[in-house]
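Structure, as structure tokens:
Note that these values count all heavy atoms, side chains included, but never hydrogens, waters or copies made by symmetry.
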Amino acid sequence: MAASSNSSLSGSSVSSDPDDYQPPIWKSYLYQLQQEAPRPKRITCPQEMESRPKYYGREFHGMISREYADELLAGKEGAYLIRESQRQPGTHTLALSFGHQTLNYRLFYDGKHFVGEKRFESVHDLVTDALITLYIETKAAEYIAKMTTNPIYEHLGYTSLLKDKMVHRLSRGRTEPRRVTFQSDDRISSPVVRRSALKDTPEKLSSYEKIHNFKVHTFRGPHWCEYCANFMWGLIAQGVRCSDCGLNVHKQCSKLVPSDCQPDLRRIKKVYSCDLTTLVKAHNTTRPMVVDMCIREIELRGMKSEGLYRVSGFSEHIEDVRLAFDRDGEKADISASAYADINIIAGALKLYLRDLPIPVITFDLYSKFIQAAKLPNAESRLEAIHEGLLQLPPAHYETLRYLMAHLKRVTTFEKYNLMNAENLGIVFGPTLMQPPEQNALTTLNDMRQQKLVVQLMIEHEDVLF
């Protein structure tokens, strides 16, 4: 079997260290089969058909029988025509000669031509793609079934190098979740040292897992799968591409790729409304820069502000802050000279948390936290909340830990800002946790539990995190 080592064909010759990176060997067998596939041959109708839809050409033969279509296509591999169905007038059939037989497909048009998921600008392109797919899947069915058994993904130099660097960067500022046991005398026994002693222990490497955000993609020119190293065949929609990191793979291979997406900052178009894990991995940080920068600014000049987080800033100015973060990222100016009212910065932080596509307390854990708040026993409530925290994705856990430590400090200025843990729970409950089904009645019924969850996390921040 021939092979090609021209990695530029796949667009994946990226390396964070050119001296260490060795391009993989791309497997050319499926590419050769695509080159051998039959070419489309349009069988034109000798007369003009008055009933021909405007989006079909001379390949439309009107209402002819299946048997007559077989005669017209006989012995012409790759030949095709379109006929109107005799059984269902007004519907159209694509008749295609392949493998010494005629294949019939119900043909649709909604601005583009299609017989399945793929949509084409022209019938000719549809037939070209169909012939390639039929030929490859006929000739290489066994090969395709086995092509994922020996993936090159883990051996790609740039993948492992970026992964190692990302793990190191993310682990530097991350506090490991601690499993603790709550006892009736309010003392805590923990198999892990407290945070105060944690600084003296060696760093424990950890990574922020993130699934790839794959979307169907049409590749221009030859492309090879970066999981199995095989050619991605077809004319359009040959595979999928991760919109966050750019990884290109077959659709079937995408189900086997590990959850190790390393987002490319160039692909992240905004800060607000961006998935939390995606953002921190793209910026190589443990928490979103919005959270860090807003909290830093608030602690610098706003801790004594009456009604902090409860009093709203001007919505137009909060929107300006959002646009500044989306445009400038960590270079956004949120200083007192730009926004004298600290409530604008507090509002921008709340807006960021509220607009996350997956809330800080994730949809899948929402009911677990709500049920924890309903437990009658105080120790059991804390145990259940702690168990829920341990199940949060690392980026969500770290963001919540940092925010609760900040809110705990806010409560130490209650004499000035009039904000205790309960008041902050009222403000941040609906912001940090939202029900999976956006149901107003559910949200209303759960408000008390949402408030209590945040209140307890603030009051017991040093124990729960």
Side-chain angles (χ1 to χ4, degrees), residues 1-38 117-118 128-167 207 209-264 266-267 281:
M1 187 185 302
S4 169
S5 60
N6 185 2
S7 63
S8 63
L9 285 175
S10 73
S12 62
S13 56
V14 181
S15 172
S16 56
D17 190 338
D19 295 331
D20 294 342
Y21 178 66
Q22 295 295 323
I25 301 300
W26 303 113
K27 302 169 187 175
S28 62
Y29 176 53
L30 298 179
Y31 176 71
Q32 292 171 358
L33 289 182
Q34 174 160 313
Q35 298 302 104
E36 298 169 6
E117 292 182 356
K118 293 185 178 183
T128 302
D129 186 83
L131 289 170
I132 290 170
T133 301
L134 288 167
Y135 187 78
I136 289 179
E137 291 182 354
T138 300
K139 293 282 187 179
E142 187 176 350
Y143 181 89
I144 291 171
K146 295 179 178 179
M147 70 182 184
T148 61
T149 57
N150 187 27
I152 62 162
Y153 183 75
E154 291 299 330
H155 305 294
L156 287 177
Y158 71 90
T159 302
S160 56
L161 283 170
L162 286 179
K163 188 173 182 179
D164 291 342
K165 290 187 177 184
M166 185 68 70
V167 167
S207 63
E209 283 195 355
K210 175 185 167 358
I211 62 174
H212 290 271
N213 186 16
F214 286 121
K215 296 181 180 177
V216 175
H217 189 77
T218 294
F219 298 94
R220 304 301 177 190
H223 267 70
W224 272 253
C225 174
E226 294 172 32
Y227 181 79
C228 71
N230 282 287
F231 178 66
M232 301 168 77
W233 66 89
L235 198 63
I236 67 166
Q238 304 95 327
V240 294
R241 168 175 286 175
C242 176
S243 59
D244 293 335
C245 72
L247 183 71
N248 304 317
V249 296
H250 291 111
K251 187 175 181 180
Q252 59 265 47
C253 291
S254 68
K255 301 170 185 175
L256 304 173
V257 176
S259 299
D260 60 354
C261 176
Q262 312 292 348
D264 184 344
R266 293 170 297 180
R267 296 179 180 274
K281 293 199 78 170

* **His250/Trp224 aromatic ring centres below 6.0 Å** => no
* Return the minimal non-hydrogen interatomic distance between Lys281 and Cys261, and the atom names on each side. => NZ-O, 2.8 Å
* **Within 6.0 Å of CD1 in Ile236, more than 12 heavy atoms from elsewhere** => yes
Show the atom names and distances, to 0.1 Å, of all donor-acceptor pairs under 3.5 Å that link a side chain in residues 130-141 to residues at least two apart or in another chain.
from   : atom 1 : to     : atom 2 : distance (Å)
Thr133 : OG1    : Asp129 : O      : 3.0
Tyr135 : OH     : Glu36  : OE1    : 3.2
Thr138 : OG1    : Leu134 : O      : 2.6

* Can you sort out the partners of Lys255 under salt bridge (Lys or Arg N to Asp or Glu O under 4.0 Å), two or more places apart, ordered by chain and number? => none
* Between Tyr227 and Val257, which heavy-atom pair has the shortest distance, and what is it? -> CD1-CG2, 3.8 Å
* Gln35 atom CD, neighbour heavy-atom count above 12 within 6.0 Å -> yes
* Tell me, yes or no, whether the heavy-atom count around Tyr31 atom OH, taken from other residues, nucleotides or ligands under 6.0 Å, exceeds 12. => no
* May I ask you to decide if Ala237's main-chain N or O and Thr218's side chain share a donor-acceptor pair within less than 3.5 Å? => yes
* For Lys251, enumerate each residue passing the salt bridge (Lys or Arg N to Asp or Glu O under 4.0 Å) test, keeping only those at least two apart in sequence or located in another chain. => Glu117
* To do: Would you check, one step at a time, whether the test side chain to side chain contact (heavy atoms under 4.5 Å, CB included) holds for Met232 with Leu30?
  => CA-CA 8 Å; Met232 301 168 77; Leu30 298 179; over 6 Å; no
* Report the C-alpha separation of Ile144 and Gln252 in whole Å, then their side-chain angles, then the decisive distance to 0.1 Å, and conclude whether the side chain to side chain contact (heavy atoms under 4.5 Å, CB included) test is met. => CA-CA 10 Å; Ile144 291 171; Gln252 59 265 47; 4.0 Å; yes
* Asked: Should Phe231 and Gln34 be marked as a side chain to side chain contact (heavy atoms under 4.5 Å, CB included) after you check the CA-CA gap, both sets of side-chain angles, and the distance that decides it?
  -> CA-CA 9 Å; Phe231 178 66; Gln34 174 160 313; 3.2 Å; yes
* Interatomic spacing from OG in Ser259 to CD1 in Ile211 - rounded to 0.5 Å -> 6.0 Å
* To do: Please report the shortest heavy-atom distance between Cys228 and Cys225, naming the atom on each side.
  => N-SG, 3.5 Å
* Asked: Any side-chain donor-acceptor pair under 3.5 Å between Tyr143 and Asn230?
  -> yes
* Pick out which of Gln238, His217, Glu226 makes a side-chain hydrogen bond (donor to acceptor under 3.5 Å, both in side chains) with Asn248. => Glu226
* **Check ion pair Asp244-Lys210 (N to O, under 4.0 angstrom)** => yes
* Asked: Between Cys242 and His212, what is the shortest heavy-atom contact and its length?
  -> SG-ND1, 3.7 Å
